[in-house]
Amino acid sequence: MMNKNAKIYVAGHRGMVGSAIVRELERQGYANIITRTHKELDLTRQSAVEAFFAEEKPEYVFLAAAKVGGIVANESALADFMYDNMILEMNVIHAAWQNGCKKLEFLGSSCIYPRMAPQPMKESCLLTSELEKTNEAYALAKISGLKYCEFLNRQYGTDYISVMPTNLYGPNDNYHPTHSHVLPALIRRFHEAKLEGKEYVTCWGDGSPLREFLYVDDLANLCVFLMNNYSGNETVNAGTGKELTIKELTELVAKVVGYTGEIRWDTSKPNGTPRKLLDVGKAKALGWTYKTELEDGIRFSYDDFLNNPMRAER
């Protein structure tokens, strides 16, 4: 268990996941949280990361920093997604090990599981077949990070763990019109369509893919729970165990936003992976389950979008 005064470094604290982890740590009374902005510490610079760890010596690390984006962003910047993610995670994990970090938690993503993995996806299905091509570069980088944690455990006896979140959403999300994930993109698109009085909104694909969504504050709660209650080489899935079609999701977002126009589908655009549902039995067996239902979470997210105008600028 982490002492309430233990020195805890949250990498990526300005992002959606990292900021949620900071909120959860503060909610639980942890008083010694270390953060650095990208300007203060570029995690892709090995010498800077090594100097930071040598000076601060954090006892616990939550590695939530990453270069992330939706299908368009991933396909248009394959090399950037692979390099930036691989180099930053290797720098942080290696420096943590060099400086005697007691425990590190690495944040993966369900998109790194095989494209046609058996559903729902168990943790053991990792690397059993081909990856989804639209995010292969990101997936390879993330797989390398969680495997490096495993290999350090096996070779040096460290206590480094990984968690595999499903699709996330919530406060501090990215609502960029082309570089965001599906749920925040829909919130922005329907909000703007409502303001502009558009008769219809066009969405990508045919609406048939099945997706699972987890509210980011629920993930943060699990992250702290796992840091205190789990050790092991195998990752832990983070999700709700529930899924819906993209079509159902768009209709739900439109309802929450208050858009009443028509929803059309552009079938010339890619659907992405047909289905991504996590088997969350492992987390449940450890004593954890999610709290926020999807419609409530979307409403919280839309309120955050409305109350923070700068969200729409990213």
Side-chain angles (χ1 to χ4, degrees), residues 1-15 17-18 21-22 24-25 30 32-38 40-68 81-109 112 123 126-127 138-165 219-220 222-238 282 286:
M1 297 287 288
M2 293 186 293
N3 185 283
K4 295 297 183 182
N5 294 311
K7 186 176 281 192
I8 303 169
Y9 171 47
V10 180
H13 76 286
R14 282 187 165 179
V17 174
I21 291 173
V22 170
E24 181 65 19
L25 287 168
Y30 292 96
N32 194 4
I33 303 168
I34 309 166
T35 60
R36 291 291 188 277
T37 64
H38 176 73
E40 293 168 331
L41 176 61
D42 183 347
L43 297 179
T44 66
R45 303 300 177 189
Q46 185 176 7
S47 60
V49 176
E50 289 176 345
F52 164 75
F53 271 86
E55 178 182 354
E56 292 290 347
K57 300 284 186 182
E59 298 170 75
Y60 299 92
V61 173
F62 290 87
L63 181 41
K67 182 182 182 70
V68 298
F81 270 84
M82 186 167 189
Y83 177 83
D84 288 351
N85 282 298
M86 190 170 289
I87 200 72
L88 78 81
E89 66 199 25
M90 290 297 171
N91 285 343
V92 172
I93 297 167
H94 187 69
W97 167 67
Q98 284 185 316
N99 289 276
C101 174
K102 290 181 180 179
K103 194 165 188 175
L104 179 145
E105 184 175 292
F106 177 74
L107 275 291
S109 169
I112 76 177
E123 290 86 353
L126 185 67
L127 291 174
Y138 177 78
L140 287 170
K142 282 293 186 179
I143 290 169
S144 296
L146 69 88
K147 280 296 181 181
Y148 186 45
C149 289
E150 176 189 337
F151 297 153
L152 283 170
N153 290 346
R154 289 167 56 181
Q155 185 173 350
Y156 294 107
T158 53
D159 188 9
Y160 293 177
I161 63 174
S162 62
V163 58
M164 197 81 85
L219 170 67
L222 173 61
C223 286
V224 177
F225 175 84
L226 291 175
M227 191 68 99
N228 285 322
N229 294 283
Y230 177 72
S231 295
N233 289 332
E234 191 175 69
T235 190
V236 178
N237 285 339
K282 188 173 183 179
L286 290 168

- Will you find, in the side chains of Lys57 and Asn99, an N or O donor that is under 3.5 Å from an N or O acceptor? yes

- Check Asn237 against Glu123 and note the closest heavy-atom contact, atom names and distance. N-OE2, 2.9 Å

- Message: If you count heavy atoms of other groups shown closer than 6.0 angstrom to OH of Tyr83, is the number above 12?
- Response: no

- Item | Within-4.5 Å side-chain heavy-atom neighbours: Thr37 and His13 | yes

- Query: side-chain contact (heavy atoms from CB on, under 4.5 Å) between Phe53 and Val92: does it pass, once the steps are laid out?
  - Reply: CA-CA 8 Å; Phe53 271 86; Val92 172; 4.0 Å; yes

- Item | Leu88 side, atom CG; Leu41 side, atom CG - distance, nearest 0.5 Å | 10.0 Å

- Query: Is there side-chain contact between Leu152 and Leu104, with at least one heavy-atom pair below 4.5 Å?
  - Reply: no

- Task: Taking the side chain as every heavy atom from C-beta outward, state whether Asn3 and Glu59 have any atom pair closer than 4.5 Å.
- Result: no

- With the side chain counted from C-beta on, respond yes when Trp97 and Gln155 share a heavy-atom pair under 4.5 Å apart, and no when they do not. no

- Of all the heavy-atom pairs spanning Val224 and Glu24, show the shortest one and how long it is. CG2-CG, 3.8 Å

- Can you check whether Lys102's main-chain N or O pairs, donor with acceptor, with Asp159's side chain at less than 3.5 Å? no

- Item | Approximate separation, where rounding is to 0.5 Å, of Leu43 CG and Ile87 CD1 | 11.0 Å

- Query: Is the side chain of Glu50 donor-acceptor paired with the backbone N or O of Ala95 at a distance under 3.5 Å, no angle test?
  - Reply: no

- Note on the structure: In this structure, CZ of Arg14 is separated from OG1 of Thr35 (nearest 0.5 Å) by 8.5 Å

- Closest heavy-atom pair and its distance - Asp84, Thr44: O-CG2, 4.1 Å

- Nearest 0.5 Å please: distance from the CZ atom of Phe225 over to the CG atom of Leu219. 13.5 Å

- Query: Is there side-chain contact between Val236 and Ile161, with at least one heavy-atom pair below 4.5 Å?
  - Reply: no

- Query: Counting only N and O atoms by type, is there a donor-acceptor contact under 3.5 Å from the side chain of Ser109 to the main-chain atoms of Ile112?
  - Reply: no

- Determine the minimum heavy-atom distance between Arg36 and Ile34, stating which atoms define it. NH1-CG2, 3.5 Å

- Tyr148 ring center within less than 6.0 Å of Phe106 ring center: no

- Message: Could you check whether any side-chain N or O of Glu89 sits under 3.5 Å from a backbone N or O of Gly145, counting only pairs where one atom can act as donor and the other as acceptor?
- Response: yes

- Task: Specify the closest pair of heavy atoms between Leu286 and Tyr230, including all atoms of both residues, with the distance to one decimal.
- Result: CD1-CD1, 3.9 Å

- Could you state the interatomic distance from CG (Asn91) to CG (Asp42), rounded to the nearest 0.5 Å? 9.0 Å

- Message: So Lys282 and Met164, do their side chains get closer than 4.5 Å, heavy atoms only?
- Response: no

- Message: In the structure I gave you, are the side-chain heavy atoms of Leu25 and Met2 within less than 4.5 Å of one another anywhere?
- Response: yes

- Any donor-acceptor N/O pair, Lys142 side chain to Leu107 backbone, under 3.5 Å: yes

- With a 4.5 Å heavy-atom cut-off, do Glu150 and Ser162 have their side chains touching? no

- Message: Given 3.5 Å as the limit, does a donor-acceptor pair link the side chain of Lys103 with the main chain of Met227, or not?
- Response: yes

- Identify which one of Tyr60, Tyr30, Phe52 satisfies the ring pair (Phe, Tyr, Trp, His ring centres under 6.0 Å) criterion when paired with Tyr9. Phe52

- Item | Where Cys223 and Val163 come nearest, the two heavy atoms and their spacing | SG-CG1, 4.1 Å

